[in-house]
Protein chains: 2
Amino acid sequence: MFEQIFIIHLYIQILYMQQLEDILKTKQPMPLSRKTVLNVFHLNSIIKDKLLLSLKPYDLSIEQFNVLRILRGQKGQPVNLQDIQDRMINKMSNTTRLVDKLIIKGYVERFVCENNRRKVEIFITETGLKLLKNLDPVVDETEKSITAALNAEELKILNTLINKLK
Amino acid sequence: MFEQIFIIHLYIQILYMQQLEDILKTKQPMPLSRKTVLNVFHLNSIIKDKLLLSLKPYDLSIEQFNVLRILRGQKGQPVNLQDIQDRMINKMSNTTRLVDKLIIKGYVERFVCENNRRKVEIFITETGLKLLKNLDPVVDETEKSITAALNAEELKILNTLINKLK
DNA sequence: TGTTAAATCTTGTTTGAACAGATATTCATC
DNA sequence: GATGAATATCTGTTCAAACAAGATTTAACA
């Protein structure tokens with residue numbers, strides 16, 4: 001956890017400031033806190049839809065895809081279910097069944113951990129790695145198109161503000 | 001849709017810049033676009049959980065609550081299902097059943113539109129209005145606590161950036 | 001006017017999420 | 001080493017979301 005101070009001079013064109021009010025067709029102005037919450041929900045929904053559209057041809061949910069990326073990041077080192085749950089973006093109750101589906105599709109394997117037989121160790125398979133390799137450019141492209149409206153500096157500011165909220 | 005130019009001088013303390021990397025335990029740095037997407041997902045998940053917790057005592061989902069707020073905003077004017085769908089933050093496929101649940105709970109009523117019998121007009125009931133009145137301070141408080149880490153200027157910037165992405 | 005298309009809502013089915021309870025293994029303590 | 005608590009995962013059930021097809025009413029128009 002670092003502590004730095006950035007000084008940023010930001011010139012922003014406020015083009016679509018009324019978007020949310022347009023959708024909701026509210027007459028009176030909303031508190032800034034509510035507007036922010038609703039805007040985050042709305043943006044999340046838009047991004048989710050776009051990503052899902054990219055993953056649809058591969059029959060993967062966003063969560064399944066993220067788990068595969070987590071496993072790849074391990075580079076062969078074992079991960080147990082708890083680890084996966086901790087690293088998932090949307091906390092889920094049943095990671096077991098998510099992994100089940102990835103096993104059925106042949107993208108991951110599950111072994112009982114010999115050191116601690118309560119745990120299960122999960123690995124990504126060659127098939128899983130190959131799938132990710134195919135998906136990488138697709139998802140990269142989608143993510144870039146999603147964030148295309150902001151330049152690097154603006155994105156950094158956005159991430160900073162989000163991190164302060166979390 | 002207005003067009004204005006704001007000049008904002010922003011001094012931001014970057015305190016938790018590494019949060020996402022901490023969770024995912026990734027070694028190599030992520031592209032800024034991916035980081036942004038994951039950060040939005042993560043923030044959305046956190047906010048959703050907090051709001052759900054506030055609504056839980058009232059046995060309302062976030063979507064149900066938002067629909068009630070939309071109906072209240074109409075001040076007695078009829079809204080049909082299509083209108084509601086258009087104004088919902090997360091586009092849903094079956095608004096019918098969402099409204100069904102609100103009817104069962106006695107918060108809204110449904111009538112066939114006489115001018116166009118394909119449409120159904122939906123109104124909020126007195127019970128629904130009373131519920132919202134109870135919920136207002138609770139949700140306001142939650143929303144404020146969610147956004148408490150940012151001051152008004154930062155929130156405005158955040159909303160502007162989000163709007164540019166949408 | 002009769003046929004077809006469009007708009008609007010509903011229903012059926014399949015899949016995913018949430019929650020609680022069950023199972024299996026390990027750890028701590030006596 | 002027997003017992004109860006803690007850890008880690010799995011399973012059952014219930015409820016919500018996604019998707020597609022169906023039903024009803026209106027509009028278009030030859």
Engineer: Given atom CG of A/L53 and atom C1' of D/dC19, what is their separation to the nearest angstrom?
Structural biologist: 14 Å

Engineer: For A/R72, give me all partners under salt bridge (charged side-chain N to carboxylate O under 4.0 Å, His left out), at least two apart in sequence or on another chain.
Structural biologist: A/D136

Engineer: What integer distance in Å separates A/N80:CG from C/dT26:C1'?
Structural biologist: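 Result: 14 Å.
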
Engineer: Could you give the CD-to-P distance, from B/Q85 to C/dA7, as a whole number of Å?
Structural biologist: 15 Å

Engineer: Indicate whether any N or O donor in one side chain lies under 3.5 Å from an N or O acceptor in the other, for B/K105 and B/Q64.
Structural biologist: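 Their side chains do contain a donor-acceptor pair, which is all the 3.5 Å distance test asks for.
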
Engineer: With distance as the sole criterion, is a donor-acceptor pair present between the side chains of A/E109 and A/T125 under 3.5 Å?
Structural biologist: no

Engineer: A/L98 has an atom CG; how far is it from atom P of C/dA17, in whole Å?
Structural biologist: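 Rounded to whole Å, this separation is 7 Å.
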
Engineer: For the pair made of CG in B/L81 and P in D/dT24, what is the distance, rounded to whole Å?
Structural biologist: 17 Å

Engineer: So which of residues 56-69 of chain B are in contact with DNA chain C, with a heavy-atom cut-off of under 4.0 Å?
Structural biologist: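 Close to the strand are B/K56.
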
Engineer: Please test A/R34 against B/D140 for salt bridge (charged side-chain N to carboxylate O under 4.0 Å, His left out), starting from the C-alpha separation and ending with a verdict.
Structural biologist: CA-CA 7 Å; A/R34 173 167 313 166; B/D140 278 1; 2.5 Å; yes

Engineer: Starting at the 5' end of DNA chain D, which residue's closest nucleotide do you reach first, B/R97 or A/Q82?
Structural biologist: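 Counting from the 5' end, the first nearest nucleotide belongs to A/Q82.
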
Engineer: Quick one: which residue pairs count as a salt bridge (Lys or Arg N to Asp or Glu O under 4.0 Å) with a foot in residues 54-64 of chain A, not counting sequence neighbours?
Structural biologist: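 Applying salt bridge (Lys or Arg N to Asp or Glu O under 4.0 Å) to every pair that reaches into residues 54-64 of chain A, excluding sequence neighbours, yields nothing.
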
Engineer: Round to a whole Å and report the spacing from NZ of A/K91 to C1' of C/dG16.
Structural biologist: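 Distance check: A/K91 NZ to C/dG16 C1' gives 18 Å.
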
Engineer: If you draw a 6.0 Å radius around NZ in A/K48, do more than 12 non-hydrogen atoms from other residues or ligands fall strictly inside?
Structural biologist: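 Not buried by this count: 12 neighbours or fewer within 6.0 Å.
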
Engineer: Rounded to the nearest angstrom, tell me the gap between atom NZ in B/K101 and atom P in C/dT10.
Structural biologist: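 Rounded to whole Å, this separation is 13 Å.
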
Engineer: Residues two or more places apart in sequence or in another chain: which of them pass salt bridge (charged side-chain N to carboxylate O under 4.0 Å, His left out) with A/D49?
Structural biologist: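 Listed in chain order: nothing, the list is empty.
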
Engineer: Please work out which residues in residues 107-125 of chain B have a non-hydrogen atom less than 4.0 Å from an atom of DNA chain C and list them by number.
Structural biologist: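 Nucleic-acid contacts, sorted: B/R110, B/R118, B/K119, B/V120.
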
Engineer: Picking from D/dT9, D/dA18, C/dC19, which would you name as closest to the side chain of A/K48?
Structural biologist: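 Of the options given, the side chain of A/K48 lies nearest D/dA18.
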
Engineer: Can you check the A/N94 CG to D/dT14 C1' distance for me, whole Å?
Structural biologist: 13 Å

Engineer: Could you pull out all residues at least two apart from B/F111 that satisfy ring pair (Phe, Tyr, Trp, His ring centres under 6.0 Å)?
Structural biologist: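 For B/F111 the ring pair (Phe, Tyr, Trp, His ring centres under 6.0 Å) partners, ignoring immediate neighbours, are B/F123.
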
Engineer: Working to the nearest 0.5 angstrom, can you tell me the gap between B/S145 OG and B/I47 CD1?
Structural biologist: 10.0 Å

Engineer: Which nucleotide sits closest to the side chain of A/S93: C/dC19, D/dA18, D/dT9?
Structural biologist: C/dC19

